[in-house]
Amino acid sequence: MQEVCPICKGLGYLRADVPVGHPDFGKLVPCTCRLAALAQRRVAALRTLSDLEILARMTFETFAPEGHGLPPDKRANLRWAYEEAIAFAEKPEGWLLLKGGFGCGKTHLAAAIANACVERGQPVLFITVPDLLDHLRAAFAPSSPADYDTRFEQVRTAPVLILDDLGTESSTTWAQEKLFQIFNYRYNARLPTVITTNHELEEIPLRLRSRLVDPDLTKIVTILAPDYRRAGISPDQSDLSSLSLHTDQTFENFDLRKGELPRDEEENLKRAFDIARAFAESPRDWLVFTGTYGCGKTHLAAAIANYRVKRGYPALFVVVPDLLDHLRATFNPQSTVTFDQRFEEVRRAPLLILDDLGTESATPWAREKLYQIFDYRYNARLPTVITTATPIEELDPRLATRMLDVSRCTPFAILAPAYRGGPLRRKTARRRR
């Protein structure tokens with residue numbers, strides 16, 4: 001037999017105990033028993049919307065805060081992100097923005113926050129942004145169990161809201177308007193909110209970004225760790241990289257061709273070597289080697305990559321035509337990697353070596369993709385090495401302008417002719433002198 005509330009006698013509502021003249025005089029207000037039932041209903045509705053059942057394994061206990069084989073700087077960064085997420089989970093206040101590349105751990109940390117809140121009985125809504133918009137659209141269907149206004153309020157007023165993968169949604173006018181309304185309401189109400197994204201802030205629509213960058217409300221945590229799903233795989237072993245074909249090309253075995261070249265070419269080649277070695281020691285901005293085929297520019301570029309990898313730092317070495325083939329291959333239905341994942345892997349690589357620029361098929365699509373990579377890395381000042389046998393001035397002007405900016409790029413023309421090697425050539429060259 002169900003117990004009847006001794007206060008409201010099972011009605012669920014009481015008249016407000018306020019003096020005559022009070023705005024609530026004569027009004028019915030929910031009884032405490034009714035409020036508890038309403039709270040339980042709200043929690044159940046949030047659970048229905050959330051994806052937490054499939055993310056139950058993503059807790060702070062199952063997260064690896066030291067990463068897998070990370071260099072010290074990235075290990076410290078991941079530990080910091082982990083501690084910030086724990087602090088938010090223990091006391092949800094303000095906004096927390098977790099940003100970083102695919103597989104860096106930001107969704108795991110966001111889900112761990114949600115699971116920690118649920119464990120102590122705090123209502124939380126965890127949902128990916130595309131799914132959120134799909135839920136809102138579905139509310140317009142006559143068969144929907146909840147009308148649009150009810151569902152929108154569930155999201156907008158959730159005690160703790162976690163939005164995963166901001167930026168992956170279809171960017172329609174309606175979608176941007178709904179997101180802005182949610183962001184704006186929660187911003188003004190200072191409601192605890194966690195957001196994850198693999199986009200840079202500059203790529204997020206201005207109206208949303210203006211709410212995200214308020215330092216009084218939002219703590220921005222950028223995770224630098226690479227894709228954890230490639231744990232145990234050396235950074236140069238990406239299936240996109242061809243560095244494994246150049247492991248024998250190091251600074252130690254680079255031939256400076258002493259006694260073979262005229263003095264000016266010999267000094268020029270030594271200067272190229274010194275520039276490459278200095279860049280490998282401390283990669284910064286861009287380095288571009290130009291010169292004829294076989295002059296040594298690919299060897300120097302590979303030596304830079306091998307030097308960094310040997311010291312535990314990631315480097316992505318890829319021939320430009322191969323890069324474009326890899327990007328096209330992602331459109332195949334059988335591809336195990338999406339275009340966005342592949343494109344972001346290149347665009348955000350800590351050190352990117354693009355070999356043989358100018359040998360690719362110059363279709364409008366290819367030019368556009370290369371420009372997007374160049375423009376992003378140029379503005380972000382990410383270390384980049386480029387080799388090309390084509391004079392820079394003859395390349396796509398949009399690429400050339402960035403390569404010729406000496407404030408961010410060191411272009412160096414190797415004057416030596418193609419190297420064919422062997423003692424016979426050297427003896428012949430000395431006889432000619």
Side-chain angles (χ1 to χ4, degrees), residues 69-74 101 224-227 230 232-256 269-291 293-327 342-360 370 373-374 376-378 380-389 399 402-403 408-412 414 419:
L70 297 178
D73 57 337
K74 290 184 173 58
L224 304 177
D227 192 339
R230 297 191 61 80
I233 300 177
S234 178
D236 64 301
Q237 293 305 305
S238 164
D239 56 358
L240 181 61
S241 179
S242 56
L243 188 57
S244 60
L245 303 177
H246 300 271
T247 53
D248 61 328
Q249 293 181 319
T250 65
F251 289 118
E252 288 71 26
N253 63 19
F254 184 79
D255 188 352
L256 291 171
L269 190 60
K270 178 63 166 62
R271 177 65 178 148
F273 176 87
D274 291 341
I275 290 173
R277 188 64 185 260
F279 188 92
E281 291 280 358
S282 180
R284 184 180 177 187
D285 288 329
W286 290 18
L287 174 61
V288 177
F289 283 125
T290 65
Y293 294 106
C295 70
K297 57 187 186 295
T298 293
H299 188 137
L300 289 176
I304 292 171
N306 285 318
Y307 184 92
R308 298 302 297 175
V309 168
K310 189 175 180 181
R311 282 153 183 77
Y313 295 95
L316 177 58
F317 183 104
V318 62
V319 181
V320 174
D322 291 348
L323 163 63
L324 295 168
D325 284 346
H326 278 292
L327 292 178
R342 185 66 82 200
F343 190 71
E344 289 300 295
E345 180 185 359
V346 178
R347 195 170 69 150
R348 297 174 188 268
L351 172 60
L352 176 64
I353 292 93
L354 294 174
D355 192 35
D356 272 345
L357 177 67
T359 59
E360 69 279 358
L370 286 175
I373 292 169
F374 271 57
Y376 179 85
R377 297 187 68 84
Y378 172 84
R381 305 192 80 152
L382 291 173
T384 306
V385 179
I386 301 164
T387 76
T388 179
L399 309 186
R402 283 147 181 81
M403 297 165 69
R408 300 192 182 187
C409 180
T410 301
F412 190 90
I414 298 178
Y419 171 70

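These numbers were taken from a predicted model, which means no experiment stands behind them.
Within a 6.0 Å sphere centred on CZ of R381, heavy atoms belonging to other residues, nucleotides or ligands number more than 12.
The shortest side-chain heavy-atom distance between M403 and W286 falls under the 4.5 Å cut-off. Between L352 and V385 there is no side-chain heavy-atom pair separated by less than 4.5 Å. Considering only heavy atoms from C-beta on, L224 stays 4.5 Å or farther from D73 through its side chain. I386 is not listed as a side-chain neighbour of L399, based on a closest heavy-atom distance of 4.5 Å or more. Taking 4.5 Å as the limit, every side-chain heavy atom of L269 sits out of range of all side-chain heavy atoms of Y419. Looking at heavy atoms from C-beta onward, V346 lies out of side-chain contact with Y376 at the 4.5 angstrom threshold. Taking the side chain as every heavy atom from C-beta outward, V320 and D356 never approach each other to under 4.5 Å. L370 has its side chain within reach of E360: a pair of non-hydrogen atoms, C-beta onward, lies under 4.5 Å apart.
Of the inter-residue distances, the one linking L382 atom CG with R284 atom CZ reads 13.0 Å to the nearest 0.5 angstrom. Atom-to-atom distance recorded for L243:CG and Q249:CD is 9.0 Å, nearest 0.5 angstrom. A distance of 11.0 Å separates CD1 in I353 from OG1 in T298, rounded to the nearest 0.5 Å. The distance from the CG atom of L351 to the OG1 atom of T384 is 7.5 Å, given to the nearest 0.5 Å. For the atom pair CD of E344 and CD1 of I373, the computed distance is 9.5 Å after rounding to the nearest 0.5 Å. How far CD1 of I414 is from OG1 of T290: 7.5 Å, rounded to the nearest 0.5 Å.
Of all non-hydrogen atoms in P383 and P350, the two that sit nearest each other are CD-O, 3.4 Å. Here the closest non-hydrogen pair linking L240 and V318 is O-CG2, 3.6 Å. A pairwise comparison of heavy atoms in A276 and I304 identifies O-CG1, 3.6 Å as the closest pair.
In the model, T250 has no side-chain atom that pairs as donor or acceptor with a side-chain atom of N306 under 3.5 Å.
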Test F317 against V309 for side chain to side chain contact (heavy atoms under 4.5 Å, CB included), laying out the working first.
-> CA-CA 11 Å; F317 183 104; V309 168; over 6 Å; no
Can F273 and L256 be said to form a side chain to side chain contact (heavy atoms under 4.5 Å, CB included), step by step?
-> CA-CA 8 Å; F273 176 87; L256 291 171; 3.8 Å; yes
Can you check side chain to side chain contact (heavy atoms under 4.5 Å, CB included) on L357 and V288, steps first, answer last?
-> CA-CA 10 Å; L357 177 67; V288 177; over 6 Å; no
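A cation-pi arrangement is found for R402 relative to Y378, the charged atom lying closer than 6.0 Å to the ring centre and inside a 45° cone about the ring normal.
Applying the side chain to side chain donor-acceptor pair (under 3.5 Å) test between H299 and each of D248, D255, N253, T387 identifies N253 as the sole match. Of the listed residues (F279, F289, F412), just one forms a side chain to side chain contact (heavy atoms under 4.5 Å, CB included) with L300, and that residue is F289.
Note: Y307 and F251 have perpendicular aromatic rings, judged against thresholds of 30 and 60 degrees for the angle between ring planes.
Judged purely by atom type and a 3.5 angstrom limit, R308 has no side-chain atom pairing as donor or acceptor with the backbone of P314. With hydrogens and angles ignored, the 3.5 Å screen pairs no side-chain donor or acceptor of S241 with any backbone N or O of L316. Using modelled atom types, one side-chain atom of R377 and one backbone atom of R347 make a donor-acceptor pair closer than 3.5 Å.
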